[in-house]
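The block underneath contains the structure these notes are about, expressed in structure tokens.
When a ligand or atom number is given, it counts from 1 through the structure's own listing order.
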Amino acid sequence: MLISSQYKDIIIGQGIRSLPGWKMAIYLYVIDGLLIDCGPESMKGSISKFLQEKHIEQVALTHIHEDHSGMAAWLQRQMNVPVYLHEKAIPKAKRKAKYRLYRHITWGERPAFNPQPMPERLVTDKYTFDVIDSPGHMRYHNIFHEKNQGWLFTGDLYIGTKPLGASYDDNMLETIATINKILALDFDMIFCAHSGVVQNGKAMFQKKLDFLLEIQDKVNVLRQQGLDNHEIDKRLNPQKLPVTFFSRGEWSSYHMVNTI
Ligand SMILES: [Zn+2]
């Protein structure tokens, strides 16, 4: 089931994917005919119902991960709307995604779809969203900034202020650079794909940046002492995260240490 709520002109769809010992929320946003991220195929029943009840003219994906793009093929087929994606991710979108079993179980398939290159601006009748290149969570990631409203739709750039681990395609140095870049923008509300609507968005990103810089300092001290990244990870994170076991290492504290 998708729980629907509203913040000003923004219709919010919240779904929860829960598996034994683990659960995660996903958020979809519809603003004046623009859908931002379209959710995973494993929630097809509730997402398709939610989307069919909305007026949707265009779709913008923050990135190609299957929990954000799994319903894109369905949207193109059933609602015949343009789907925009970072230009460099388009070749990948045109092939059905292959990934490990735990991701299939969680998010379902990500069928091939046919996106158009992300424009510099997304325009609706009432709003204009500047598209910002925001590598870090993955190489090709975009966030959307409505500067008159102070809204920032952040895909997976934010998630929370204290990440314990990262995925194999995260790059923490790029995340730090991207957060530094966006802190110069005018915004107040974050619309995150997994933690929903977050107030005081700028302060929250600053907190995340401070946390990452603190880890970076600790890692650099240990590097100067001659430890390699595996040794540093063991020293700083003696307990393995549960997600590291069931993702067979795709998610771990090591990926954070290794790329910071
Ligand atoms: Zn992602």
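- Atom NZ of Lys181 sits in a crowded spot, with more than 12 heavy atoms from other residues, nucleotides or ligands closer than 6.0 Å.
- Within 6.0 Å of the NZ atom in Lys202, the count of heavy atoms belonging to other residues, nucleotides or ligands exceeds 12.
- Protein N, O or S atom count below 2.8 Å of the Zn ion (ligand 1): the structure gives 4.
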* Would you please test Tyr102 and Trp251 for side-chain contact (heavy atoms from CB on, under 4.5 Å) and show each step? => CA-CA 11 Å; Tyr102 78 99; Trp251 276 89; 3.6 Å; yes

* Phe129/His145 under ring pair (Phe, Tyr, Trp, His ring centres under 6.0 Å): CA gap, chis, key distance, verdict -> CA-CA 5 Å; Phe129 299 83; His145 181 217; 9.3 Å; no

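- Tested against His137 for a ring pair (Phe, Tyr, Trp, His ring centres under 6.0 Å), the candidates His63, His68, His194 yield a single pass: His63.
- Considering only heavy atoms from C-beta on, Glu109 comes within 4.5 Å of Lys96 through its side chain.
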